[in-house]
Amino acid sequence: RLVGTFAVQLPFSRRHELEADRMGAIIAARAGYDPRAFVAVTQRQAEHAVTTPGENDVPEFFLTHPAWEGRAHELEAQLEGLDRVHRCAVQQRDLLAEAVETHEALQRDLNAQLDSLARSAAPRRPWWRRLI
């Protein structure tokens, strides 16, 4: 049973972690965050893991999570695609901000015109008052 756990479940667990890293990087890039920062954090984790005593004593075969160094390399390999996603997200954000700004300016102009029309219209007496 223990052998089955190490042979079957742990590799899937490591693959799921790599997939989670990839999806997290994509979501962050779509939200406008620089994917290079995501890679930098993973690289810092890898550097920390190397300097932590006892961290490298366990063979990767027994680990439930992939080694940080491998995770950093996986994200670096995907950096070009993540950069494209990030640039697209930034362009969309900028276009949306410009559209909102234009809409608000048009709304202000329309309100000013309506106020001007309302003020310029002379108050009229009701027709029945004119008879008196």
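Screening residues 109-118 for side chain to side chain donor-acceptor pair (under 3.5 Å), with sequence neighbours left out, gives no hits. Sorted by first then second residue, the side chain to side chain donor-acceptor pair (under 3.5 Å) pairs that include residues 80-95, not counting sequence neighbours, are Arg36-Asp83.
In this structure, the separation between CD on Gln43 and NE2 on His73 is 8.0 Å, given to the nearest 0.5 Å.
Between Glu74 and Arg22, every side-chain heavy-atom pair lies at or beyond the 4.5 Å cut-off. Side chains of Glu19 and Arg15 form no contact here, defined as non-hydrogen atoms less than 4.5 Å apart. Side-chain contact between Gln78 and Leu75: present, with at least one pair of heavy atoms (C-beta onward) separated by less than 4.5 Å.
The minimum heavy-atom distance linking Gly32 with Ala89 is given by the pair N-CB, 4.3 Å. Closest non-hydrogen pair, Gly24 versus Phe38, comes out as C-CZ, 4.2 Å.
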